[in-house]
J.: 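I am attaching a structure below and will ask some questions about it afterwards.
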Amino acid sequence: MQGYKNVERVKPSGLELVDRLVGVQRVTKVTKGGRAFGFSAIVVVGDGNGVVGHGLGKSKDVSSAIAKAIEDAKKNLIRIPLVEGTLPHEQKGKFGGANVFIKPASPGTGVIAGGAVRAVLESVGVHDVLSKSQGSSNPHNAVKATFDALLQLRNAASIAKQRGISLEKVFNG
């Protein structure tokens, strides 16, 4: 999450965070004595009001991998600008082989997204959005591509402040 200008980090204290399990993978390490199995879990946490984070946890059993992922996600919380239950503008995100396109939608549309992208958008608190995921469907890359798109979002107030003009001039040109 480095390299983004308007990223607002959030502390987890005082927030009602809800965690969503995106995926659990069984991983195998082949050793001289046979195969050693472990688990890798990716989790998204959010308060449903613009705060979201993702985390990865690895362990020998599923429950502790999920617990580690939740703790990691709570360390990476960011605030996303929302406008009346949707996004301020359309945006593309890319990570690895995954490409994600998210677009604001009119009220009543719902979350039109699949898999990992849906988990992230619902955790943020977006109620109306259209999305398209292309390329890799790997949940790790899809989550990070969605975060890439969300981190590039800017609201009208931050654009006006950056340009040094009033909010009315942003809309009236």
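For clarity, every value in this text was computed on a predicted model and none was experimentally measured.
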J.: Please lay out, stage by stage, how R26 and S40 fare under the test side-chain contact (heavy atoms from CB on, under 4.5 Å).
T.: CA-CA 6 Å; R26 188 177 82 164; S40 167; over 6 Å; no
J.: Where do A69 and A41 come nearest, in terms of heavy atoms and distance?
T.: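 Closest approach of A69 to A41, heavy atoms only: CB-O, 3.6 Å.
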J.: Below 4.5 Å, heavy atoms only, C-beta onward: do F39 and Q25 meet side chain to side chain?
T.: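 In short, these two side chains do not touch, never coming nearer than 4.5 Å.
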J.: Tell me, do H89 and L153 make a side-chain contact under 4.5 Å, heavy atoms counted?
T.: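 With C-beta onward as the side chain, the pair touches.
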J.: With rounding to the nearest 0.5 Å, note down the distance linking CG in L121 to CD1 in I112.
T.: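 Result: 11.0 Å between the selected atoms.
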J.: Find the distance between CG (D47) and CG (L77) and round it off to the nearest 0.5 Å.
T.: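 If I round to the nearest 0.5 Å, the distance is 8.5 Å.
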J.: Applying the 4.5 Å side-chain criterion to the ILVMFWY set and letting contacts propagate, would V52 and L82 be lumped into a single cluster?
T.: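 Linked within one cluster.
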J.: Please report the C-alpha distance between R20 and E122 in whole Å, then the side-chain angles of each, then the deciding distance to 0.1 Å, and finally whether the side-chain contact (heavy atoms from CB on, under 4.5 Å) criterion is met.
T.: CA-CA 9 Å; R20 293 178 62 110; E122 286 179 348; 2.8 Å; yes
J.: Using the side chain to side chain donor-acceptor pair (under 3.5 Å) rule, take D61 and S63 through it: C-alpha gap first, then chi angles, then the decisive distance, then the call.
T.: CA-CA 6 Å; D61 62 299; S63 59; 2.9 Å; yes
J.: Donor-acceptor check, side chain of T28 to backbone of F37, threshold 3.5 angstrom: yes or no?
T.: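 No, T28 side chain to F37 backbone: no donor-acceptor pair under 3.5 Å.
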J.: To the nearest 0.5 Å, how far apart are CD in Q91 and CG in D148?
T.: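 Reported to 0.5 Å precision, the distance equals 8.0 Å.
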J.: Would you say T146's side chain and A142's backbone share a donor-acceptor pair under 3.5 angstrom?
T.: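 A pair under 3.5 Å: yes.
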J.: Run the numbers on V43 and V22 for side-chain contact (heavy atoms from CB on, under 4.5 Å), then give the verdict.
T.: CA-CA 5 Å; V43 171; V22 176; over 6 Å; no
J.: Closest heavy-atom contact between N141 and G97?
T.: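 Looking at all heavy atoms of both residues, the closest pair is ND2-N, 4.0 Å.
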J.: Tell me whether R118 contacts the main-chain N or O of V111 through its side chain, where contact means a donor paired with an acceptor under 3.5 Å.
T.: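 Checking the backbone N and O of V111 against the side chain of R118, a donor-acceptor pair under 3.5 Å is found.
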J.: Answer yes if V83 and V129 sit in the same cluster of Ile, Leu, Val, Met, Phe, Trp and Tyr residues linked by side chain heavy atoms under 4.5 Å apart, and no otherwise.
T.: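 Each belongs to a different hydrophobic cluster.
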J.: Between A73 and G55, what is the shortest heavy-atom contact and its length?
T.: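 It is CB-N, 3.5 Å.
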J.: What I'd like to find out is whether the side chain of S123 reaches to under 4.5 Å of the side chain of V45, using heavy atoms alone.
T.: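 No, their side chains stay 4.5 Å or more apart.
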J.: Enter the distance from S136:OG to K94:NZ here, rounded to the nearest 0.5 Å.
T.: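 With rounding to 0.5 Å, OG (S136) is 9.5 Å from NZ (K94).
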J.: Quick check: do L17 and I70 have side-chain heavy atoms less than 4.5 Å from each other?
T.: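 No, side chains not in contact.
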J.: If I compare all heavy atoms of G110 with all of D128, which pair ends up nearest, and what's the gap?
T.: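 Between these two residues, the closest heavy atoms are N-OD1, 3.0 Å.
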J.: Taking V117 as the starting point, is it possible to reach I78 by hopping between hydrophobic residues whose side chains are less than 4.5 Å apart?
T.: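 Same cluster.
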J.: To the nearest 0.5 Å, what is the distance between CZ on R79 and CG on N49?
T.: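 Rounded to the nearest 0.5 Å, the CZ-CG separation comes out at 7.0 Å.
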J.: Kindly indicate whether the side chain of E90, heavy atoms from C-beta on, has any atom under 4.5 Å from the side chain of F101.
T.: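 When only atoms from C-beta onward are counted, F101 and E90 do touch, with a gap below 4.5 Å.
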J.: Does the side chain of K68 come within less than 4.5 Å of S59's, by heavy atoms?
T.: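 Touching, per the 4.5 Å side-chain cut-off.
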J.: Applying a strict under-4.5 Å side-chain criterion to I, L, V, M, F, W and Y, I'd like to know whether L151 and V124 cluster together.
T.: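 Shared cluster, yes.
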J.: So, taking the atom named CZ in F147 and the one named CG in N76, what distance separates them when rounded to the nearest 0.5 Å?
T.: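 If we round to the nearest 0.5 Å, F147:CZ and N76:CG are 8.0 Å apart.
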J.: For a side-chain contact (heavy atoms from CB on, under 4.5 Å) check, start with the C-alpha distance between V126 and L87, then their side-chain angles and the critical distance, and finish with the verdict.
T.: CA-CA 7 Å; V126 177; L87 307 171; 3.9 Å; yes
J.: Please examine the side chains of V143 and I42, heavy atoms only from C-beta on, and report whether any two atoms are closer than 4.5 Å.
T.: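 Side chain of I42 against side chain of V143, heavy atoms only: contact under 4.5 Å found.
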J.: Does a side-chain heavy-atom distance below 4.5 Å link I102 with L150?
T.: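 Of all side-chain heavy-atom pairs linking L150 with I102, at least one is under 4.5 Å.
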